[in-house]
Each structure stands twice: as C-alpha cells, then as structure tokens.
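First the structure, in the form of structure tokens, and then the observations on it.
Both counts, for ligands and for their atoms, begin at 1 and track the order of listing.
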Amino acid sequence: MKILAPKENDPIETRAALDPAAVKKLVGLGAEVVVESGTGSRCDHPDAAYAEAGAAVVEDRAAALASADLVVRVRKPSPEEIGRLKPGAVHISFLDPFNEKELLAAFATQGVSAISLEMVPRTTLAQKMDAISSQANLAGYVAVILAADRMGTILPMMMTPAGTISPAKVFVLGIGVAGLQAIATAKRLGARVTAFDVRPEALEQAESLGAKALRIDLGETGGTAQGYAKELTPEQLETQRAAQAKVCAESDVVITTAKVFGRKPPVLIQAGVVAGMKPGSVVVDLAAETGGNVEGVVPGEETVTANGVRLIGLANYEGRVAKHATQVLAANFANMIEHFWDKEAKTFRIDPADEIQKGCLLTHGGAVVHERFR
Ligand code: NAD
C-alpha cells in the first residue's frame, strides 16, 4: 500500500501530515511511504530526513496523487485534486465537513473513502488519533505565549527593590482542551487566572489547575454524549455576557476558545465590552478562523481598537509551533493507520461498521455514508 503525504499548498499551513518518526512507523508496518519534496520544509524536517526514515521523496505531485492508495494531509484538498485520486483510495485530513458539502460530493463521485479528522469520536479508544485535541492543546499554549509577547506588562508577580509588580489577570473563556492548556500555561508563567465554561465539569477542571472559576447561573445547559457543549438560548447567552463583562474589564488578557460542535462559535464578547477594557490589554480569539467569539476581531489579523485593546484573531495558532504540532499530528495519523492496518494484506482496512470509522468515515463506495451528511 502506497501512503502519500503531499506538500500542504495553503500558504498559511506550516505543519506536515507526517514527520520522519511517523514515516518510520508506517514503513515498519510494511507500507510504502511517499512524501512530496518540501513537505517538511516549514516544520524543520528536510527531505533528507524523510528519505533516511524510509520514504521515497518525489517531485511530481500529480503523479504521486494519482498512484497513492492512502493520502494523508493536514488541510482539505481542492475538488480538482480529489479528481486526480485513484478510485478506491483512502483520504484522511481535516475536512471541515459541516461547511464542505461539495467536497464530500466530489469524494463520493471519485469513489474515494474520505475520513475527516474533525469527526474522530472523543472516545478512550480513539484518543490516540484525536487530532482536534492534539492541535487544540498546542493552540492553547500558543495563545498565552502570543499574548505575553504582545503585552507591555509581564505575567508573574515580581517583588523587586524598585517595587512590586502585580501579576497579570488572565481570563480564559471556554475550558476545553485548548482552554485547559491556556490556563496551565498562564499559571506556570505566574498569572492570576479566571475561567468560565458552560459545562460545570470544566469549571472543576479549571479549579484543579489553580484557576478561579467564574460561576454564572445559566439554568440547564446540557451537553452531547461526546462531552460537547450545546448551543445556549439567546437569553442564556445574554446572562453569560453580562456576568463576564466585569471580569473582562479587569483582565489584562482574555483568551476565548468557545466552540459548539458543528455550529458557528458563539459571540461571547461584544464590542461594548472590548471598549470597556484597559489600554494595553490583549484579547486572543482562538475561534477566529471559524467566525470568532469576539466582536471586532478580524479573522487572520491583529488589530488595535481605539481604546488601545489588541485583538488577535489569527488562524492556525498551532502552526506557530509547527514542529511539535507536526509531531503529534503525524502520530495521530500513524496511530490511526496502525489501528486499522491489515497485517496480512498490508493495507488500511475500511470498515464502516467499526465504532471509530462510523464516526469519521464520510464517503465510501461512491456515496456519502455518514448519517449526518447523507
Ligand atoms: P471545543 O473546542 O468544541 O469547545 C471549547 C470549549 O468551549 C468547550 O469546553 C465548550 O464547553 C466551551 N463552550 C461552548 N459554548 C460556550 C459558551 N457559551 N461559553 C463558554 N464556553 C463555551 O471543545 P473541545 O476542547 O474539543 O472539548 C470538548 C469536550 O470533549 C470536552 O468535554 C473534552 O473534555 C472532551 N474531550 C474528550 C476526549 C476523549 O474522551 N477522548 C478527548 C478530547 C476532548
């Protein structure tokens, strides 16, 4: 079985789907691994390192796509590149499936089995393949480091002969994987952290990391079987916004990570609240790429408001630590391939009845097979 990692073609993408360690593992399974030249150029893995790990490094992308049995890549492909794939091939990547109906149709038409990394179930068994978590964890870390770099103040308390510097106040909104890492990182750097999430169990997790939990009585908030939050009612959202406004006004850093699976992220901080924040404070919106939690944030950009608040709405935060993001993402790919590897046939097994594949296999045998997207 020929496994291909093509070079990412979005200029914003610094990560690669495979690193040399993952190549080694896949070669060990008996796979033939092909890497397009330059795949690791932005995450510090030169072609030679892939070759040394056992991959064939190729220049001809079109030929590589046409001959691959399994393609692994970070970003979704264009419909045109789907058209180059071999019918019967398997394709694994982030796919943004809730917004990419046409892409799914293109996979089905081409007879390619498409697996979406976003849809890998949040179960113990699938944890080792959970790329959403492996990347969100790093994004949470980057959010704090970025804020620390942009501030004119420091995070820890310092007692010096010239006086005492108070610790920074950091407010983390949304305590999922990214939020927890943001809390842990800000605490390590000495900040005073407050956090809020609509899920009560998340508040307890924040407290166990040393953060102060902001408790807001929203009534019933519910959640999905997978542990995801449900969308709040407009009234609940209003209550939340009002309760948060004071914390934002007092904070030096606000990091928002709130998402609702399969929907646009909720707007949690409105322009009026930003206008009430201190000059020099920094807002990092980790949901910016998909619509944003903060009014006024420009996706992909860093701007400063009239009252001196810096709004950071970058995309691909984890791509700023590309080598480590690639390390864990490549491990997710390799673990998934190993999990479904048929040792005798030396192929990747497609099994629509399998619990994990039931969650993340979107197209197979010429059709959209996932019940949510059919
Ligand atoms: P996510 O990125 O979808 O959302 C981030 C956070 O935003 C979540 O904690 C969510 O509750 C929160 N949120 C939603 N609406 C909000 C609002 N109005 N205000 C404040 N916060 C709001 O979440 P995630 O990081 O992917 O994690 C989702 C869940 O999945 C968590 O319960 C996590 O523990 C769980 N999880 C389980 C596994 C596993 O079992 N293998 C792996 C990873 C995550």
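The backbone of Ile175, and not its side chain, has at least one atom closer than 4.0 Å to an atom of ligand 1 (non-hydrogen atoms only; backbone = N, CA, C, O). Using a 4.0 Å cut-off between heavy atoms, Ala258 contacts ligand 1 through both its backbone and its side chain. Heavy atoms of Thr123 found under 4.0 angstrom from ligand 1 belong exclusively to the backbone. In Lys259, the parts holding a heavy atom less than 4.0 Å from any atom of ligand 1 are both the side chain and the backbone.
In this structure, atom 5 (C) of ligand 1 lies nearest to the protein heavy atom Thr257 O, 3.2 Å. Of the protein's non-hydrogen atoms, the one nearest atom 35 (C) of ligand 1 is Gln226 O, 4.4 Å. Among protein heavy atoms, the minimum distance from atom 19 (N) of ligand 1 is reached at Gln240 NE2, 2.9 Å. Distance from atom 42 (C) of ligand 1 to its nearest protein heavy atom, with residue and atom name: Asp130 OD2, 3.4 Å. Arg122 CB, 3.7 Å is the protein heavy atom nearest to atom 37 (C) of ligand 1.
When only interatomic distances are considered, the shortest N/O to N/O separation between Arg199 and ligand 1 falls below 3.5 Å. Backbone and side-chain nitrogen or oxygen atoms of Phe196 are examined, and none is located within less than 3.5 angstrom of a nitrogen or oxygen of ligand 1. Between Thr124 and ligand 1, no pair of N/O atoms sits closer than 3.5 Å. Below 3.5 Å of separation, one finds no N or O of Tyr228 facing any N or O of ligand 1. By the 3.5 Å distance cut-off applied to N or O atoms, Leu237 is not counted among the residues near ligand 1.
Panel note: side chain Ser116, backbone Pro97; no donor-acceptor pair is recorded below 3.5 Å.
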